[in-house]
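Just the heavy atoms: all of them, side chains too, but no hydrogens, waters or symmetry mates, feed the values below. Whatever order the structure lists ligands and atoms in, that order sets their numbers, starting from 1.
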Amino acid sequence: MDFNVVVIGAGLGGCAAGAALAGAGKKVLVLERTDKVGGRCSTMEKNGFEMDMGSHMILRTGYGPFREALSRVGKEKEVEFFHIRKMLLKVGDTSIEIGFKTFFVMLQDLFPSSLVGLAVKLLAAVEKPLNRFTANLDKKTIQNFVARYTDSLVWHNLLDWCAFILYGTPYWETPMGELMRTVTGVLAPLVEGIGEGEFMAGYIKGGLIAVPNALCRGIKEHGGEIRTGVDVKRIIVENGRAIGVETDTGEVICSDLILSNAGIRETVSKLVGEQYFNKEYAEYIRALKPGCSGWCLRLALDEPFVEYDLIFNIPEKDTQEYYRKMWIEQEVPEGLPAIMATTPSNMDPTLAPEGKQSLIAIAPVSFDPSENWPLWEQKALDAVEDAIPGISDHIIWHDFLAPGTYLVFGEEKAPAIGIAQCMGQAGKDRPSSISPVEGLYYVGAEAGKNASGVATEVAIQSGLNCADYLLKKKKVSPLLKKIGKGSKMLQKV
Ligand SMILES: Cc1cc2nc3c(=O)[nH]c(=O)nc-3n(C[C@H](O)[C@H](O)[C@H](O)COP(=O)(O)OP(=O)(O)OC[C@H]3O[C@@H](n4cnc5c(N)ncnc54)[C@H](O)[C@@H]3O)c2cc1C
């Protein structure tokens with residue numbers, strides 16, 4: 001056997017797991033169906049602009065799982081992170097410019113004092129034992145939790161929007177525990193005095209692809225191999241054990257361990273086949289809810305017209321009505337979508353030709369394979385103009401990535417993040433990375449207990465947790481399996 005581990009897919013989850021295993025001395029082969037690594041976290045050149053596949057704001061930049069994954073193959077010094085300097089938050093008619101130092105003062109201006117009290121309660125909660133506290137909060141939705149403190153539409157709109165972009169699900173379906181885990185993840189480095197005085201969130205020099213590229217370089221330097229343009233068609237299972245994969249050209253590659261970054265639902269139903277799992281498990285996987293899809297509008301601007309690095313614009317007075325239409329009725333709602341827009345070339349000027357600017361806007365949306373996309377494209381352009389008046393006069397070109405663009409990465413309905421981090425699918429309720437088929441594991445934003453937080457970071461954390469589990473794994477004895485203790489192993493990652 002040439003490889004100890006075959007990883008299917010070079011998204012962040014696959015690259016992080018591959019790097020951790022290669023760094024620990026395992027011989028790793030990564031197979032990627034497209035011609036580039038990075039999956040949904042990738043960057044491509046167009047007319048002199050380097051544009052990402054999504055908006056991509058990294059929540060904890062060099063203080064979270066990104067740097068941890070890079071360090072596993074000695075690449076942490078090869079990737080540079082930038083922090084947001086200036087941010088604009090517009091909710092309805094209220095518009096505030098946010099700098100780190102003024103952040104809390106501005107919160108007081110924007111929200112009634114009872115809400116500042118709520119924020120203080122949230123921050124104080126960080127002191128409590130995290131697991132017990134967030135597990136309790138997993139029983140409440142963000143909406144229920146916040147409704148106890150306020151009925152302010154501004155606050156509810158903001159949290160509803162945040163739940164969609166952070167977790168792929170509305171705030172009336174998102175557990176409060178997930179938000180608390182995200183908040184504490186951000187606060188932890190601050191409590192240790194790291195990153196004080198600046199926003200932690202930011203961007204990456206060279207575009208988002210810099211990270212998967214560096215991880216893949218690391219895997220190769222540690223004896224591994226990355227093959228792009230290789231579509232895995234089948235995971236071969238014999239006697240209840242995954243023994244290898246078959247590619248689209250019919251090549252069979254055998255390995256002790258198969259890590260799939262191709263999405264948990266697709267792995268079970270298409271790559272392995274439900275017949276290899278028991279009925280309950282197959283049904284459980286089939287019932288997992290995908291998160292919302294997303295569209296992405298990429299603008300090439302004739303000059304650095306936008307001064308902010310990050311803009312949130314929530315134009316609707318009642319986002320819940322908007323999202324109800326979009327999410328439940330799957331319609332194109334009246335009114336403009338809320339958007340998040342970033343200006344990558346503000347942070348890294350090499351991403352646009354000299355004197356020009358790039359802007360990328362995203363919004364959550366239901367997956368709709370119908371012909372509605374030209375309508376959404378116009379709405380996206382209108383939403384950007386609403387957020388940044390006058391910008392339309394500066395557009396050299398734009399392109400609009402409808403959710404269907406992301407189908408190439410393998411998952412039905414192309415969720416922007418992965419499975420929804422909703423009630424029953426977040427925290428300890430996330431699907432385990434360990435599959436019932438021996439030798440088969442899932443990595444990425446679709447699986448992994450204890451991988452919580454935001455999209456790219458969840459994907460990386462899932463890969464790292466799974467790799468660490470495999471590196472330390474002790475065989476579960478048949479006796480333990482028989483008396484049910486073996487299932488405890490499944491709780492770990
Ligand atoms: C528009 C948009 C905006 C976003 N904005 C943000 C943001 O601002 N911040 C943030 O943190 N996250 C954001 N995200 C989410 C984030 O990009 C994803 O959650 C994350 O990149 C998922 O990584 P992954 O490894 O789980 O999966 P993927 O990136 O999908 O990787 C899976 C890989 O597996 C490959 N593959 C699948 N099947 C096969 C097969 N059979 N054989 C071989 N290869 C296969 C795919 O081609 C792909 O490369 C955004 C996503 C979108 C779509």
Side-chain angles (χ1 to χ4, degrees), residues 6-18 30-42 52-61 64-66 69 164-168 182 201-204 208-209 211-212 215 226-235 245-248 259-264 266-267 270-272 291-298 310 339-342 344 360-365 367 380 400-411 414-419 421 442-448 451 453-463:
V6 168
V7 181
I8 306 168
L12 285 175
C15 290
V30 181
L31 302 172
E32 166 56 44
R33 90 153 34 120
T34 67
D35 60 357
K36 257 179 183 253
V37 299
R40 282 169 278 178
C41 188
S42 186
D52 290 317
M53 290 297 293
S55 122
H56 289 126
M57 193 40 63
I58 303 304
L59 194 62
R60 284 179 286 171
T61 52
F66 273 82
F164 265 113
I165 55 163
L166 298 178
Y167 311 120
T182 307
Y203 192 69
I204 294 168
L208 265 290
I209 200 166
V211 169
L215 291 172
I226 315 290
R227 293 190 205 158
T228 54
V230 179
D231 196 356
V232 172
K233 283 289 171 221
R234 186 163 77 97
I235 294 170
V245 298
E246 183 180 342
T247 71
D248 52 346
L259 269 58
S260 177
N261 185 203
I264 191 165
E266 280 62 27
T267 304
K270 296 190 186 131
L271 295 181
V272 178
C292 67
S293 307
W295 55 248
C296 172
L297 177 72
R298 308 192 291 191
L310 177 64
I339 57 163
M340 170 171 121
T342 54
I360 306 184
I362 56 156
V365 72
F367 185 77
F400 179 74
L401 309 186
T405 317
Y406 303 98
L407 283 172
V408 67
F409 301 124
E411 291 170 42
I417 295 173
I419 59 162
Q421 284 153 268
Y442 321 106
V443 292
E446 294 255 307
V454 179
T456 47
E457 297 191 349
V458 170
I460 295 184
Q461 198 62 59
S462 151

- Message: Suppose I only count heavy atoms of Cys41 and a 4.0 Å limit; which atoms of ligand 1 are within that range?
- Response: 21 (O)

- Measure Ala459 to ligand 1 on non-hydrogen atoms and call it side chain, backbone, both or neither using the 4.0 Å cut-off. side chain

- Task: Provide the number and element of each atom of ligand 1 under 4.0 Å from a heavy atom of Thr34.
- Result: 47 (O)

- Task: May I ask which of Glu446, Arg227, Glu32, Glu266 has a heavy atom nearer to atom 35 (C) of ligand 1 than the others do?
- Result: Glu32

- Heavy-atom distance to atom 18 (C) of ligand 1: which of Ala17, Ala416, Ala363 wins? Ala416

- Message: Do Glu411 and Glu266 make a side-chain contact, defined as non-hydrogen atoms from C-beta onward lying under 4.5 Å apart?
- Response: yes

- Task: Please identify which atoms of ligand 1 are closer than 4.0 Å to at least one heavy atom of Gly54.
- Result: 1 (C), 2 (C), 3 (C)

- Item | Per-atom contacts of ligand 1 with Gly13, taking only distances under 4.0 Å to non-hydrogen atoms | 25 (O)

- Query: Can you list the ligand 1 atoms lying under 4.0 Å from a non-hydrogen atom of Ile362?
  - Reply: 1 (C), 3 (C), 5 (N)

- Look at ligand 1 and say whether Gly9 reaches it with a heavy atom at a distance under 4.0 Å. yes

- Item | Proximal ligand 1 atoms for Gly38, defined as those under 4.0 Å from one of its heavy atoms | 29 (O)

- Query: If hydrogens are left out, which of Gly463, Ala262, Gly291 has an atom nearest to atom 38 (N) of ligand 1, that is, the closest non-hydrogen atom?
  - Reply: Ala262

- Message: Show the atoms of ligand 1 that are less than 4.0 angstrom away from any heavy atom in Gly444.
- Response: 26 (O)

- Message: Any heavy-atom pair between the side chains of Gln421 and Val458 that's under 4.5 Å?
- Response: yes

- Minimal heavy-atom distance between Arg298 and Asp52, with the atoms involved, is NH1-O, 2.8 Å

- Of all the heavy atoms in Ala414, does at least one lie under 4.0 Å from an atom in ligand 1? no

- Could you check which of Glu411, Arg234, Arg33, Met53 puts a non-hydrogen atom nearest to atom 43 (C) of ligand 1? Arg33

- Taking only heavy atoms of Asp231, which atoms of ligand 1 are found under 4.0 Å from at least one of them? 40 (C), 41 (N), 42 (N)

- Message: What I'd like to find out is whether the side chain of Thr405 reaches to under 4.5 Å of the side chain of Trp295, using heavy atoms alone.
- Response: no

- Message: If I take atom CG from residue Leu12 and atom CG from residue Leu208, how far apart are they, to the nearest 0.5 angstrom?
- Response: 7.5 Å

- Query: When rounded to the nearest 0.5 angstrom, what is the spacing between CD1 in Ile8 and OG1 in Thr247?
  - Reply: 11.0 Å

- Message: If we set the cut-off at 4.0 Å for heavy atoms, which region of Met340 has an atom near ligand 1: side chain, backbone, both, or neither?
- Response: side chain

- Item | Distance in Å, Met340 CE paired with Ile362 CD1, rounded so as to fall on 0.5 Å steps | 4.5 Å

- Counting heavy atoms under 4.0 Å, the part of Ile58 that contacts ligand 1 is neither

- Query: Just heavy atoms, cut-off under 4.0 Å: does Val230 contact ligand 1 by side chain, backbone, both, or neither?
  - Reply: backbone

- Note on the structure: Check: of Lys233, Arg40, Met57, min heavy-atom distance to atom 22 (C) of ligand 1 comes from Arg40

- Query: What are the two closest non-hydrogen atoms of Thr342 and Met57, and how far apart are they?
  - Reply: CG2-CE, 3.3 Å

